[in-house]
Chemist: 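Can you read through this structure? Questions will come right after.
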Amino acid sequence: MADKLTVLPNLVPYLLLGMFVAQVAAVYLLVRFGKRPPVPMARVANDGEETAKSSPEQVNTEWVLDALAGGVIVANQQGIITYMNTSAEKLTLWQRDKVLGEHVSSVLKLEDLQGNALGEKAFETNIFHPNYPLQFGQVKLYPRVGEERFVELNTTCILDNCKAIVFIFRDVTADRKVINRLYRQASRDALTDLMNRTSFEQYVEQLAHDTSALTRSHVLASVDLDNFKIINDTCGHLAGDELLKQVAQIFRRSVRISDKVARIGGDEFAVFLEGCGLEKGRSIMESILTELRNFRFSWEGKVFSIGASVGLIEFMPSSNLQIKQLFSDADKACYTAKALGRNQVFVHEEEKREQMSNQRVHDWSKLLKDALREDRFILFAQPVMPLHSERNQSFRQYEILLRLPFRQALLNPGSFLPVADRLDLMTSIDRWIIRKSLEMLAGCRSDNAHGSPCMETRLMINLSGQSVQDARLFPYVEQQIKQFGIDPGMICFEISESVAISNFVHAKRVMNALHSLGCHLVLDDFGSGFSSLSYLRELPLSYLKIDGNFVHNLVSSPVDAAMVKAVHEVGQVMNLLTIAELVEDGETLVRLRQIGVDFAQGYYCGRPIPLVQLRERIHSEQALNAKAA
């Protein structure tokens with residue numbers, strides 16, 4: 001008994017459908033064979049008689065049929081149409097006096113949602129199963145002209161021995177559009193029209209637990225935009241929103257058709273690379289990074305460059321895979337990419353992750369503090385080369401670069417300075433660099449105690465955002481200059497444009513104070529947030545350093561060439577010298593000279609050398625000059 005009862009719920013839809021079809025059939029029979037004897041409604045093949053007028057009862061009953069069922073077409077056992085109501089005319093755009101006597105498959109052109117023809121199949125199924133009404137759900141209906149419609153299709157046999165087959169179809173196109181719109185609103189990010197976090201996680205979870213594809217790996221990428229906060233803070237939320245829309249377009253055109261992209265929140269995105277190996281996934285995400293590096297965002301005359309940090313994780317489907325852990329590991333890989341200098345891809349690997357996680361939490365703090373206390377950092381100097389001999393000055397210029405010895409290697413600042421920034425160690429590191437740089441200049445002066453002529457050396461020292469906001473920085477610089485007896489004109493402090501804009505009040509205060517002391521000032525990476533000239537007028541600058549992203553593509557990109565030229569022209573208007581960084585080939589150097597840029601810096605102009613070696617080189621030159629004198 002229990003087994004029989006469990007079957008009943010499954011039969012309920014069919015029972016309801018049968019009742020509905022029975023009602024429609026009854027109305028149809030009333031229309032066709034009402035109070036009056038049967039009268040043909042249209043000319044039928046081999047009939048030869050004109051249609052008689054319908055009775056009022058038939059007209060009223062047909063109206064009921066239209067309202068109750070929607071479109072109704074009846075065909076005989078040979079598939080010849082014997083009846084079509086008004087709703088069917090409107091849906092198919094066929095006139096019933098033209099189709100009566102035609103085969104149903106030539107009028108009722110149906111497809112399932114996968115594109116398979118359905119009209120003939122529905123007819124034949126009813127012939128072979130005359131006792132069961134059939135429910136096909138939503139299918140496509142192609143009218144005589146115009147676009148496809150979506151209808152709910154039901155079919156059934158009527159009369160004895162299935163002498164007639166009824167096709168009942170109700171238009172659900174408008175309902176489908178509403179449902180799709182509601183689903184889209186629930187599953188898409190309103191700003192970018194990418195998938196939102198919820199729908200993306202559900203999609204990834206579905207494929208991650210699909211054990212039918214155990215040999216098929218997938219890649220999940222966590223992406224965090226770099227420099228987005230600067231644009232949002234300086235230009236407002238409208239600019240930030242527009243940037244996110246344009247970045248979403250870059251993602252769309254860079255991934256494969258099968259891949260999914262989502263905006264997780266704020267400036268965070270995620271990419272799911274379906275059926276993709278790790279190396280292919282890395283290649284796809286590297287191409288996206290290249291697109292982002294070359295992208296320039298323009299807003300009200302300001303032009304910004306951006307980048308991104310990307311974390312990757314490859315995984316195989318598994319029924320017990322923890323989705324939260326999967327996303328967490330991708331986020332940690334993205335965090336590591338940021339810690340290693342941003343604008344790069346980092347791949348999560350289980351064994352290395354534990355090691356690096358512990359190192360980040362504990363070792364980095366100890367490592368950096370020990371380096372400060374024990375003078376383990378190493379300073380390098382990279383030459384800033386003049387491009388025009390007629391403007392040659394009586395001093396040489398070098399930018400001071402920081403390196404950290406670690407496990408028999410020298411780490412670039414991008415590997416540890418982001419960590420130092422989060423640990424609030426940047427002010428201490430900047431002070432260490434200032435002290436060691438002034439100590440080197442003082443040593444050069446003492447080496448030349450015999451008074452032989454030599455070129456002076458100007459050192460360019462970068463200041464972090466933390467130092468710019470430090471009210472005690474200026475007293476420290478002033479005290480160090482007095483202690484070492486250094487000419488302040490031989491010191492030049494660099495502050496990036498992004499730091500200056502986002503901390504303008506503090507930047508202006510400290511730059512005015514350093515200028516009053518006699519130091520020179522550089523606005524670094526100028527062009528990444530290319531703004532109006534109003535704020536430049538308020539800063540006591542000597543140099544503009546052109547953002548290296550523009551210089552790197554100077555020869556190949558007309559847009560970047562125009563940006564370099566524009567920055568140089570800004571410098572001329574403001575009576576500032578211009579420096580181009582990241583110069584890596586002779587062709588770029590020639591082009592910079594043609595534009596008129598004053599100085600160049602990069603591997604082609606001179607590789608960084610340890611500050612100790614620079615002092616030795618200067619000492620040797622001084623000795624030679626002394627002998628020549």
Side-chain angles (χ1 to χ4, degrees), residues 227 229-236 239 243 296-306 384 386-388 391 393 397 399 458 460-465 467-470 473-474 477 488-489 491-551 554 559-582 592 595-601:
N227 299 332
K229 186 177 184 298
I230 295 171
I231 298 171
N232 218 33
D233 291 347
T234 57
C235 298
L243 171 61
R296 299 292 178 264
F297 176 68
S298 176
W299 185 265
E300 296 181 347
K302 306 169 187 176
V303 179
F304 300 87
S305 60
I306 62 170
V384 179
L387 295 182
H388 306 279
R391 304 176 204 170
Q393 299 166 328
Q397 300 181 109
E399 180 180 357
R458 175 176 292 171
M460 297 180 170
I461 303 170
N462 290 276
L463 292 180
S464 65
S467 292
V468 166
Q469 298 179 70
D470 182 11
L473 175 70
F474 172 72
V477 173
I491 307 169
C492 188
F493 289 102
E494 293 192 23
I495 298 175
S496 71
E497 184 183 25
S498 59
V499 169
I501 292 174
S502 58
N503 305 280
F504 187 72
V505 174
H506 297 289
K508 181 180 177 182
R509 172 186 56 77
V510 73
M511 292 172 85
N512 281 328
L514 293 171
H515 176 71
S516 67
L517 195 59
C519 301
H520 291 274
L521 295 156
V522 180
L523 192 63
D524 194 11
D525 294 332
F526 186 73
S528 59
F530 199 31
S531 339
S532 65
L533 303 183
S534 57
Y535 85 94
L536 283 179
R537 297 192 187 99
E538 300 183 48
L539 301 178
L541 299 169
S542 299
Y543 303 87
L544 287 180
K545 183 174 279 191
I546 305 169
D547 186 357
N549 287 322
F550 298 124
V551 178
L554 171 63
V559 174
D560 287 348
M563 284 298 302
V564 172
K565 185 177 180 181
V567 173
H568 176 66
E569 289 173 352
V570 168
Q572 288 184 311
V573 170
M574 305 297 297
N575 292 319
L576 304 175
L577 297 171
T578 52
I579 305 171
E581 57 183 355
L582 286 183
L592 290 170
I595 293 173
V597 175
D598 298 294
F599 297 91
Q601 178 183 352

Chemist: With side-chain contact (heavy atoms from CB on, under 4.5 Å) as the test, would you mind laying out the steps for N462 and E399 before giving the verdict?
Modeler: CA-CA 8 Å; N462 290 276; E399 180 180 357; 2.9 Å; yes
Chemist: Contact between I579 and M460 at the side-chain level, heavy atoms closer than 4.5 Å - yes or no?
Modeler: yes
Chemist: Check side chain to side chain contact (heavy atoms under 4.5 Å, CB included) between P488 and all other residues, then give those that pass, not counting sequence neighbours.
Modeler: I481, C519
Chemist: What's the separation between atom CD1 in I231 and atom CZ in F297, rounded to the nearest 0.5 Å?
Modeler: 6.0 Å
Chemist: Grab the two heavy atoms, one from R296 and one from S305, that are nearest each other, plus how far apart they are.
Modeler: NH1-CB, 3.8 Å
Chemist: I'd like to check the side-chain hydrogen bond (donor to acceptor under 3.5 Å, both in side chains) partners of S496; sequence neighbours left out, ordered by chain and number.
Modeler: S498
Chemist: Give me the atom names and distance for the closest heavy-atom approach of F474 to A513.
Modeler: CE1-O, 3.2 Å
Chemist: What heavy-atom pair brings A580 and V551 nearest, and what distance separates the two atoms?
Modeler: CB-CG2, 3.9 Å
Chemist: Provide the closest heavy-atom pair for A600 versus L387 in the form atom of the first, atom of the second, distance.
Modeler: CB-CD2, 3.6 Å
Chemist: Would you please name every residue forming a salt bridge (charged side-chain N to carboxylate O under 4.0 Å, His left out) with E494, sequence neighbours left out?
Modeler: K545
Chemist: I need the single residue from L576, D598, D524 that forms a side chain to side chain contact (heavy atoms under 4.5 Å, CB included) with L544. Which is it?
Modeler: L576
Chemist: For the pair F504 and L539, evaluate side-chain contact (heavy atoms from CB on, under 4.5 Å) and give the outcome as yes or no after the intermediate values.
Modeler: CA-CA 10 Å; F504 187 72; L539 301 178; 3.9 Å; yes
Chemist: Looking at residues at least two apart in the chain, or sitting in another chain, which of them share a side-chain hydrogen bond (donor to acceptor under 3.5 Å, both in side chains) with S542?
Modeler: H520
Chemist: How close do L473 and S467 get, heavy atom to heavy atom, and via which atoms?
Modeler: CD2-O, 3.6 Å
Chemist: Which value, rounded to the nearest 0.5 Å, describes the distance between E581 atom CD and D525 atom CG?
Modeler: 5.0 Å
Chemist: Answer whether the closest heavy-atom distance between the side chains of V564 and D560 falls below 4.5 Å.
Modeler: no
Chemist: At what distance, to the nearest 0.5 angstrom, does CD1 of I595 lie from NE2 of H568?
Modeler: 8.0 Å
Chemist: Decide yes or no for L243 and F304: does some side-chain heavy atom of the first lie under 4.5 Å from some side-chain heavy atom of the second?
Modeler: no
Chemist: Does anything in residues 508-517 pair up under side chain to side chain donor-acceptor pair (under 3.5 Å), and if so which pairs, sequence neighbours excluded?
Modeler: K508-E538
Chemist: Which residues pass the salt bridge (charged side-chain N to carboxylate O under 4.0 Å, His left out) test with D470, sequence neighbours left out?
Modeler: R431, R472
Chemist: Taking side-chain hydrogen bond (donor to acceptor under 3.5 Å, both in side chains) as the definition, give me every residue that meets it alongside E569, ordered by chain and number, with sequence neighbours left out.
Modeler: none
Chemist: Could you tell me which non-hydrogen atom of L523 sits nearest to which non-hydrogen atom of E497, and how far apart they are?
Modeler: CD1-CA, 3.9 Å
Chemist: Can you name the side chain to side chain contact (heavy atoms under 4.5 Å, CB included) partners of I461, sequence neighbours left out?
Modeler: I400, I433, I434, S437, I491, F493
Chemist: How about M511 and L541: do any of their side-chain heavy atoms sit closer than 4.5 Å?
Modeler: yes
Chemist: For the atom pair CG (L463) and CG (L521), what is the distance rounded to the nearest 0.5 Å?
Modeler: 8.5 Å
